Amino acid sequence: MEEQMQKRGTVTSLASLFPPEETHKASERVQNAISERWEHLGQLKKFIADNANLINLVQTLPNELHHNIMVSFGKAAFFPGKLIHSNEFMVLLGEGYYAERTSKQTIEILKRRGKILDCQVESLKAEIQDLKAEASFFYATAAEAKDGLVQIVEDYVEETYAHDVSEPGMSETDSARSFKDEKSGIKVDDEEFKRIFSIMDELEKEEEAENATEDEEDEKNEDDSGPSIDRAQEVESSLVKDSNLLSVHKDESSDGKAPVLNKSTLTEKALELPRNKETVQAPAMSGKEAFTGSIVEHTQNLESSQMEQSSTRGSKPVSRFKLRRQ
Amino acid sequence: MAGMDEIRQEKIQRFEEFVDRRLKPDLVHAIAERDKIFDQQKVFSDLRKNIENLEKNSVTSLRTMVNLGSEVYMQADVPDTRRIFVDVGLGFHVEFTWSEALNYISAREEKLDRQIEEYTRLIASIKAQIKMVCEGIRELLNLPAEGSS
């Protein structure tokens with residue numbers, strides 16, 4: 001059963017996508033960035049405190065006509081002296097330009113500077129929040145990778161009806177066989193899948209038309225019973241059924257006849273099997289309950305329930321196959 | 001032979017660690033200390049020039065701008081510049097006349113020069129040690145001697 005080895009999706013463990021040392025490095029880098037921001041924040045806080053002190057000072061200086069101070073003379077010396085003109089300030093506006101202001105005007109300027117500093121602090125805090133979120137994401141990813149979470153990627157194959165179905169009859173069977181041969185090792189590309197889907201659909205329609213009257217009631221019953229069956233059982237039964245089908249198919253090919261119905265089941269099987277394989281495999285790879293389930297396609301259930309139908313039909317239709325052969 | 005190689009590897013690693021963890025930080029520290037002294041030297045030479053300037057122009061009263069912080073200035077008046085307080089270290093300031101201050105400053109500058117000399121020697125010796133250890137590592141690795149060094 002080499003068909004079972006073929007998968008449509010790819011399963012990669014998160015640990016291989018994000019190796020532990022890489023995630024560690026990344027989180028370290030983010031931590032460094034955060035501490036840098038904290039340092040900058042501390043600096044800004046200091047500026048704000050200085051600014052507040054200066055506003056206080058400028059406010060109180062004009063209360064007196066003059067203040068006795070030590071006037072610094074270079075860094076290492078000073079003279080005893082006093083501040084005069086206590087309501088005249090020279091404020092640096094930038095680029096070496098100074099403005100002469102009164103106490104009140106100076107306070108206004110300083111308050112505007114304080115607002116700018118506050119804005120900077122706000123933006124810095126937001127940045128730190130962002131970085132923290134990033135860091136927590138890295139940690140979460142590292143933890144998931146450690147737990148052995150897997151990522152399952154499966155390309156969505158669109159079923160196009162516009163695609164014209166190729167030649168009917170024997171030649172189709174041949175193409176199906178060649179398809180089966182190709183499949184032995186490598187994946188079949190999407191084109192092939194599309195073609196086979198369209199063939200399958202057509203054949204199903206034919207079958208439906210043939211058995212419309214007989215099967216209608218049966219199908220209804222089976223539809224009711226379908227969804228209630230456990231998934232594991234479903235998969236199991238479908239696998240069993242597949243082996244049955246294969247044997248049936250072998251019988252028929254040895255006979256030399258290749259009925260249309262058999263072909264349809266064959267292709268169906270060929271397409272279904274890999275999917276079933278995947279659902280069986282995914283939980284096993286994850287090891288624990290980590291299988292998120294979000295990757296499972298909805299079509300899966302539909303088709304497996306279809307298969308359920310065909311399998312239950314298969315038990316009955318064994319007789320139908322025989323009928324057809326006779 | 002393998003054992004020898006292992007021992008050699010270990011030795012090389014120890015030497016490299018010595019260079020990186022001990023000698024290089026020492027070197028950085030010594031250079032930083034010397035820079036500090038350079039700064040001080042500059043401060044005192046500036047002060048000396050300023051006092052000489054005052055002396056030359058016989059300025060006895062001074063009007064200047066005082067920085068209140070954040071580049072906000074206010075006018076300040078110094079009624080008598082003949083008495084100057086100079087920082088002598090450890091937070092002490094001594095009241096000097098101009099000539100006294102100049103004497104003190106020249107003595108201080110001499111000391112700073114000596115300290116700078118000392119640190120320069122220290123830096124040179126650390127550099128020499130680093131060079132020597134690197135040569136040792138080279139010998140252990142059996143590499144040919146570099147032409148430039």
Side-chain angles (χ1 to χ4, degrees), chain A residues 46-62 64-114 116-117, chain B residues 36-55 59-98 100-102 104-105 107-109 111-112:
Chain A
K46 208 175 134 258
F47 286 158
I48 288 171
D50 283 354
N51 205 48
N53 279 339
L54 188 60
I55 287 172
N56 231 354
L57 181 66
V58 171
Q59 230 160 7
T60 53
L61 275 177
E64 307 270 340
L65 195 62
H66 54 79
H67 301 261
N68 287 321
I69 56 153
M70 289 301 197
V71 182
S72 63
F73 190 67
K75 272 182 187 164
F78 52 79
F79 298 115
K82 57 187 178 185
L83 286 172
I84 51 171
H85 304 298
S86 60
N87 200 20
E88 282 174 26
F89 295 87
M90 291 277 271
V91 186
L92 178 70
L93 301 177
E95 303 289 326
Y97 287 96
Y98 289 86
E100 210 167 71
R101 312 300 282 167
T102 66
S103 164
K104 276 191 177 171
Q105 289 166 330
T106 309
I107 286 167
E108 278 169 24
I109 290 173
L110 291 176
K111 277 185 176 165
R112 284 198 288 277
R113 283 185 188 172
I116 293 169
L117 285 174
Chain B
K36 265 188 212 164
I37 296 169
F38 271 132
D39 283 348
Q40 270 203 323
Q41 195 188 33
K42 189 171 180 301
V43 166
F44 278 102
S45 76
D46 282 353
L47 185 61
R48 188 163 51 84
K49 272 181 209 150
N50 280 330
I51 291 172
E52 279 166 1
N53 227 343
L54 291 178
E55 243 179 351
V59 181
T60 52
S61 72
L62 189 72
R63 192 165 280 196
T64 178
M65 302 292 276
V66 176
N67 191 351
L68 302 175
S70 300
E71 305 302 311
V72 177
Y73 293 87
M74 187 180 251
Q75 290 179 50
D77 187 48
V78 181
D80 182 14
T81 58
R82 278 168 300 185
R83 306 233 162 250
I84 184 168
F85 291 77
V86 180
D87 184 4
V88 294
L90 295 174
F92 288 98
H93 293 77
V94 178
E95 187 177 354
F96 286 132
T97 61
W98 287 343
E100 282 169 347
L102 288 175
Y104 170 75
I105 288 167
R108 185 73 186 261
E109 277 182 326
K111 187 172 179 290
L112 288 175

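These numbers come from a predicted model, not from an experiment. Letters go in sequence order (proteins before strands), and every chain restarts at 1.
By number of non-hydrogen pairs under 4.5 angstrom with chain A, the leading residue of B:L62, B:V72, B:T64 is B:V72. Among the candidates A:G74, A:S72, A:P80, the residue making the largest number of heavy-atom pairs closer than 4.5 Å to chain B is A:P80. Across B:D87, B:V43, B:D77, the residue that shares the most heavy-atom pairs under 4.5 angstrom with chain A is B:D77. Interface summary for chain B: among A:L92, A:L57, A:I109, A:V91, the most heavy-atom pairs under 4.5 angstrom belong to A:L92. Between chain B and the residues A:H66, A:K82, A:M90, the largest count of heavy-atom pairs under 4.5 Å involves A:M90. Per-residue counts of heavy-atom pairs under 4.5 Å with chain A were compared for B:E71, B:Q75, B:M65; the largest is that of B:Q75. The residue among A:K75, A:H67, A:E100, A:R101 with the most heavy atom pairs within less than 4.5 Å of chain B is A:K75. Of the listed residues (B:P79, B:G69, B:S61, B:A101), the greatest number of heavy-atom pairs within a distance under 4.5 Å of chain A belongs to B:G69.
Both the backbone and the side chain of B:S70 come within less than 4.5 Å of a heavy atom of chain A. Neither the backbone nor the side chain of B:F96 comes within contact range of chain A; no heavy atoms are under 4.5 Å apart. Only the side chain of A:L54 has a heavy atom closer than 4.5 Å to any heavy atom of chain B. Residue A:Y98 touches chain B through its side chain alone, counting heavy-atom pairs closer than 4.5 Å.
Across A:I84 and B:M74, no two heavy atoms sit closer than the pair O-CG, 4.0 Å. The minimum heavy-atom distance between A:V71 and B:A76, with the atom names listed, is CG2-CB, 3.9 Å. Pairing each heavy atom of A:A76 with each of B:L47, the nearest pair is CB-CD2, 4.4 Å.
In this structure, OG1 in A:T106 is found 9.5 Å from CG in B:L68, a value given to the nearest 0.5 Å.
B:T81 is not listed as a side-chain neighbour of A:F73, based on a closest heavy-atom distance of 4.5 Å or more.
Between B:F85 and A:F78, the two ring planes are parallel [angle under 30°; tilted spans 30° to 60°].
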